[in-house]
Amino acid sequence: MRPAVEAAVLAPGGVLAPGRPQFDVPDLPRWSAAVRNMLAGVRDARLLVVSDSVAQGFGAVAGGWTPNGRGAAWPKRLADLMSVGGLPASAAALAGAGAGDLASGGYGVYDPRLSLGSGWSVTSLTSLGGKLFTTPDWGTETWSFQPDGPVDRFDLYAVCNTALGVIAVETDGVVRATIDTLKPAALERHTVGFPETNGPISVRRASGGAVFIAGGAAWKSELRRVQVINGGWGGARVADWTTTDQPYRAYGGLPVAGADLTVICLTINDWNNGTAVAAYRANLGLLVDRALITGDVLMMTGTPSDPAQGKASYAAQQAIAAAAVEVAAEKGLAAPIDGAALFGGGFAPGLMFDAVHPNAAGQALIAQAVRARVII
């Protein structure tokens, strides 16, 4: 077992300077190798955010979820900071609906990149990143995703199970692929190629039973970038990410995203709902092990909730945060980002939308902290 580590607020990130051609974040070696491959044109690097409503963007905009909470969330801000800093990145992806269907006006007001045709809805059934999108066995309309620029590939996250149907993926009115999901239970990633388009990318049920999807990522094969995949899941606790009753749940589907770096920040719903520290610690260990299958893991503890507004005591919050740091040490991970220290050690009204969720300024601060740990 490694010696205990202290959480870092803004630990040094990697350096890519004219005199140093190798991208290298010493405590994130697999992530560094993936970025070097990306810069060499081999393949995109993938950064997956495993988190809660904070990463999903609640509180980042005036209406809570709306308008366009997804676009104001820290993972999107992180992608923008990467690009400004000289590392090409895109947030043209989504992993699960999280709890975005709770938005006033529906999911599309929360995330305007997405259009749900007649018959499509957000279901209570969950997988990678929370609730799934589905259409029934009579559905003929499309689920459409608008990328952030020209693309020629789409990685579709599709649920497979008995009695499900065939999915058609279309661009510019042409079917580019059909995917049969009538097979043993699983979450699968299917990469669909097509002539370059500005979108949208559309998914529909072609035949058979109902279909369920968790989203996907749009990209361009000749333009290598970091894919920032937001798996923020409103209301999620660590145990939601380690449920194993079905292979397509978040735990089973986690390797499907193929993340070279998974940033895990799951504390606020556990401390505000009284999760026992021992149970939290055990489940977080399982989640970390699962994420380590494909790449590095960077932990981050949540920003403080306000005990004066009925949320967990600071002692309870600190106990969960300490457990996260202990798991990071036991698993040999990089030092976690300390969300409490980042916000000044306690509840910070000027950075918060409500008793739990950061506002736009708070989201920007989180994005800057993650950027400092993972890139240039």
Trainee: What pairs of donor and acceptor atoms, side-chain ones from residues 153-162 against any protein atom, are under 3.5 angstrom apart with sequence neighbours left out?
Mentor:
residue, atom, partner, partner atom, Å
Asp155, OD1, Thr191, OG1, 2.6
Asp155, OD1, Trp219, NE1, 3.3
Asp155, OD2, Trp219, NE1, 3.2

Trainee: How close do Ala93 and Ile229 get, counting heavy atoms only, and between which atoms?
Mentor: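 Shortest heavy-atom separation between Ala93 and Ile229 comes out as CB-CG1, 4.0 Å.
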Trainee: Roughly how far apart are Asp80 CG and Trp74 CH2, rounded to 0.5 Å?
Mentor: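 Spacing of CG (Asp80) from CH2 (Trp74) equals 13.0 Å.
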Trainee: Check each of Arg204, Arg176, Arg205 against Glu170 using the salt bridge (charged side-chain N to carboxylate O under 4.0 Å, His left out) test, and report the only one that passes.
Mentor: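 With Glu170 as partner, salt bridge (charged side-chain N to carboxylate O under 4.0 Å, His left out) holds for just one option, Arg204.
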Trainee: Start with the C-alpha distance between Arg237 and Asp52, add both sets of side-chain angles, then the distance that settles salt bridge (Lys or Arg N to Asp or Glu O under 4.0 Å), and finish with yes or no.
Mentor: CA-CA 8 Å; Arg237 309 180 204 182; Asp52 45 41; over 6 Å; no
Trainee: In Å and rounded to the nearest 0.5 Å, what is the CZ to CZ distance from Arg36 to Phe23?
Mentor: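 So the gap between those two atoms works out to 9.0 Å.
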Trainee: What verdict does the side chain to side chain contact (heavy atoms under 4.5 Å, CB included) test give for Arg281 and Val327, after you've listed the backbone C-alpha separation in whole Å, the side-chain angles of each residue and the deciding distance to 0.1 Å?
Mentor: CA-CA 7 Å; Arg281 203 171 183 282; Val327 170; 3.7 Å; yes
Trainee: At their closest point, which heavy atom of Ala335 faces which heavy atom of Leu298, and how far apart are they?
Mentor: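 Smallest interatomic distance, heavy atoms only, reads O-CD1, 3.7 Å.
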Trainee: Working to the nearest 0.5 Å, report the span between CG of Asn359 and CZ of Phe353.
Mentor: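 One finds 9.0 Å between CG of Asn359 and CZ of Phe353.
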Trainee: If Ile, Leu, Val, Met, Phe, Trp and Tyr residues are connected whenever their side-chain heavy atoms lie under 4.5 Å apart, and connections chain through other members, are Leu261 and Leu284 in the same group?
Mentor: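 Yes, because Leu261 and Leu284 connect within a single hydrophobic cluster, where side-chain heavy atoms sit under 4.5 Å apart.
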Trainee: Taking the side chain as every heavy atom from C-beta outward, state whether Ile264 and Leu287 have any atom pair closer than 4.5 Å.
Mentor: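 They are in side-chain contact.
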Trainee: Is there a donor-acceptor pair under 3.5 Å between the side chain of Asp270 and the backbone N or O of Thr275?
Mentor: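 No, Asp270 side chain to Thr275 backbone: no donor-acceptor pair under 3.5 Å.
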Trainee: Tell me the salt bridge (Lys or Arg N to Asp or Glu O under 4.0 Å) pairs involving residues 340-355, sequence neighbours left out?
Mentor: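 Passing the test, one end in residues 340-355: no pairs.
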Trainee: Checking side chain to side chain contact (heavy atoms under 4.5 Å, CB included) for the pair Leu125/Tyr248: CA distance, chi angles, key distance, verdict?
Mentor: CA-CA 10 Å; Leu125 192 66; Tyr248 54 76; 3.8 Å; yes
Trainee: Which heavy atom in Arg70 sits nearest to a heavy atom in Tyr107, and how many Å separate them?
Mentor: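 Closest heavy-atom pair between Arg70 and Tyr107: NH2-OH, 3.4 Å.
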Trainee: Does any part of the side chain of Ser305, heavy atoms only, come nearer than 4.5 Å to the side chain of Trp271, both counted from C-beta?
Mentor: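 Of all side-chain heavy-atom pairs linking Ser305 with Trp271, at least one is under 4.5 Å.
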Trainee: Quick one: are Leu128 and Trp241 in side-chain contact, heavy atoms under 4.5 Å?
Mentor: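 In short, these two side chains touch, coming nearer than 4.5 Å.
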Trainee: What are the two closest heavy atoms between Pro307 and Ala312, and how far apart are they?
Mentor: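 Heavy atoms only, the tightest pair is CG-O, 3.3 Å.
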Trainee: Considering the options Pro112, Pro200, Ser115, which one meets the side chain to side chain contact (heavy atoms under 4.5 Å, CB included) requirement together with Gln146?
Mentor: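 The side chain to side chain contact (heavy atoms under 4.5 Å, CB included) with Gln146 is passed solely by Pro200 among Pro112, Pro200, Ser115.
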Trainee: Do the non-hydrogen side-chain atoms of Met300 and Ile366 ever get within less than 4.5 Å of each other?
Mentor: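 Side chain of Met300 against side chain of Ile366, heavy atoms only: contact under 4.5 Å found.
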Trainee: Any donor-acceptor pair under 3.5 Å linking the side chain of Asp172 with the backbone of Val174?
Mentor: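 No; judged by distance alone, with no hydrogens or angles, the pair does not exist.
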Trainee: What is the distance from atom CG of Asp111 to atom CG of Leu94, rounded to the nearest 0.5 Å?
Mentor: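 Output value for this atom pair is 6.5 Å.
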Trainee: Do Asp296 side-chain atoms and Arg30 backbone N/O form a donor-acceptor pair below 3.5 Å?
Mentor: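 Confirmed, Asp296 side chain pairs with Arg30 backbone.
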Trainee: If you group Ile, Leu, Val, Met, Phe, Trp and Tyr by side-chain heavy-atom gaps below 4.5 Å, do Val356 and Tyr110 land in one group?
Mentor: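 No, separate clusters.
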Trainee: Quick one: are Ile201 and Val151 in side-chain contact, heavy atoms under 4.5 Å?
Mentor: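 Heavy-atom side-chain distance check passes, below 4.5 Å.
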Trainee: What's the spacing between His357 NE2 and Gln363 CD if we round to 0.5 Å?
Mentor: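 With rounding to 0.5 Å, NE2 (His357) is 9.5 Å from CD (Gln363).
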Trainee: Taking the side chain as every heavy atom from C-beta outward, state whether Met299 and Val288 have any atom pair closer than 4.5 Å.
Mentor: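 They are in side-chain contact.
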Trainee: Check Thr66 against Ala103 and note the closest heavy-atom contact, atom names and distance.
Mentor: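 In this case the closest contact between Thr66 and Ala103 is CG2-CB, 3.7 Å.
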Trainee: If you apply the rule side chain to side chain donor-acceptor pair (under 3.5 Å), what do you find for Asp148 with Ser90, and how did you get there?
Mentor: CA-CA 8 Å; Asp148 59 0; Ser90 169; 2.9 Å; yes
Trainee: Check whether Val374 and Leu365 end up in the same hydrophobic cluster, where Ile, Leu, Val, Met, Phe, Trp and Tyr are linked by side-chain heavy atoms less than 4.5 Å apart.
Mentor: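 Looking at the clustering, Leu365 is in the same group as Val374.
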Trainee: Can any side-chain N or O of Ser313 pair as donor or acceptor with the backbone N or O of Ala316 at less than 3.5 Å?
Mentor: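 Between the backbone of Ala316 and the side chain of Ser313 there is a qualifying donor-acceptor contact (under 3.5 Å).
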Trainee: For Glu141, does its backbone N or O pair with a side-chain atom of Trp120 as donor and acceptor, under 3.5 Å?
Mentor: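 It does hold such a pair.
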Trainee: For Ser32 and Val25, indicate whether the former's side chain and the latter's backbone hold a donor-acceptor pair under 3.5 Å.
Mentor: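 Yes; at least one donor-acceptor contact below 3.5 Å.
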Trainee: With a 4.5 Å cut-off on side-chain heavy-atom distances among I, L, V, M, F, W and Y, is there a chain of contacts connecting Ile179 to Val166?
Mentor: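 Ile179 and Val166: separate clusters.
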Trainee: For residues Thr197 and Thr171, is any side-chain donor paired with an opposing acceptor at under 3.5 Å?
Mentor: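 Side-chain D/A pair, Thr197 to Thr171: absent.
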Trainee: Indicate yes or no: at least one non-hydrogen side-chain atom of Leu342 is less than 4.5 angstrom from one of Asp338.
Mentor: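 Counting from C-beta outward, Leu342 and Asp338 never come under 4.5 Å.
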Trainee: Check step by step if salt bridge (Lys or Arg N to Asp or Glu O under 4.0 Å) holds for Asp44 and Arg224.
Mentor: CA-CA 5 Å; Asp44 283 8; Arg224 294 306 183 194; 3.7 Å; yes
Trainee: Would Leu47 and Met82 count as a side chain to side chain contact (heavy atoms under 4.5 Å, CB included) here? Give the steps.
Mentor: CA-CA 12 Å; Leu47 186 156; Met82 286 179 168; 3.9 Å; yes
Trainee: I'd like to know if the side chain of Gln56 reaches the main chain of Ala97, judged simply by a donor and an acceptor atom lying under 3.5 Å from each other, with no hydrogens or angles considered.
Mentor: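 Side chain of Gln56 to backbone of Ala97, a donor-acceptor pair under 3.5 Å: yes, one is there.
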Trainee: Taking the side chain from Asp260 and the backbone from Arg46, do they hold a donor-acceptor pair closer than 3.5 Å?
Mentor: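 Flag set: sc Asp260 to bb Arg46 pair under 3.5 Å.
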Trainee: Got a second to check how far Thr126's OG1 is from Lys131's NZ, nearest 0.5 Å?
Mentor: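 Taking OG1 in Thr126 and NZ in Lys131, the distance rounds to 10.0 Å.
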Trainee: Does the side chain of Val263 come within less than 4.5 Å of Leu48's, by heavy atoms?
Mentor: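 Leu48 vs Val263: side chains apart.
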Trainee: Could you point out which residue of Leu164, Leu187, Ile167 forms a side chain to side chain contact (heavy atoms under 4.5 Å, CB included) with Phe212?
Mentor: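 Single pass found, and it is Leu164.
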Trainee: Is there a path of hydrophobic side-chain contacts, each under 4.5 Å between heavy atoms of I, L, V, M, F, W or Y residues, that connects Ile337 with Leu266?
Mentor: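 Linked within one cluster.
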Trainee: Check step by step if side chain to side chain contact (heavy atoms under 4.5 Å, CB included) holds for Leu114 and Phe133.
Mentor: CA-CA 11 Å; Leu114 201 62; Phe133 302 96; 3.5 Å; yes
Trainee: Look at the side chain of Arg249 and the backbone N and O of Thr244, then say whether any donor-acceptor pair between them is shorter than 3.5 Å.
Mentor: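 No.
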Trainee: Strictly by modelled atom types, are Trp65 and Ser104 linked by a side-chain donor-acceptor pair under 3.5 Å?
Mentor: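 No.
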Trainee: If only atom types and distance count, is the side chain of Tyr280 paired as donor or acceptor with the main-chain N or O of Ala319 below 3.5 Å?
Mentor: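 Not at all, since once roles are kept as given, no pair shorter than 3.5 Å links the two residues.
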Trainee: For a quick test of reading the model, state the closest non-hydrogen atom pair linking Arg225 to Ala218 and the distance between them.
Mentor: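 What the structure gives for the nearest pair is NH2-O, 4.5 Å.
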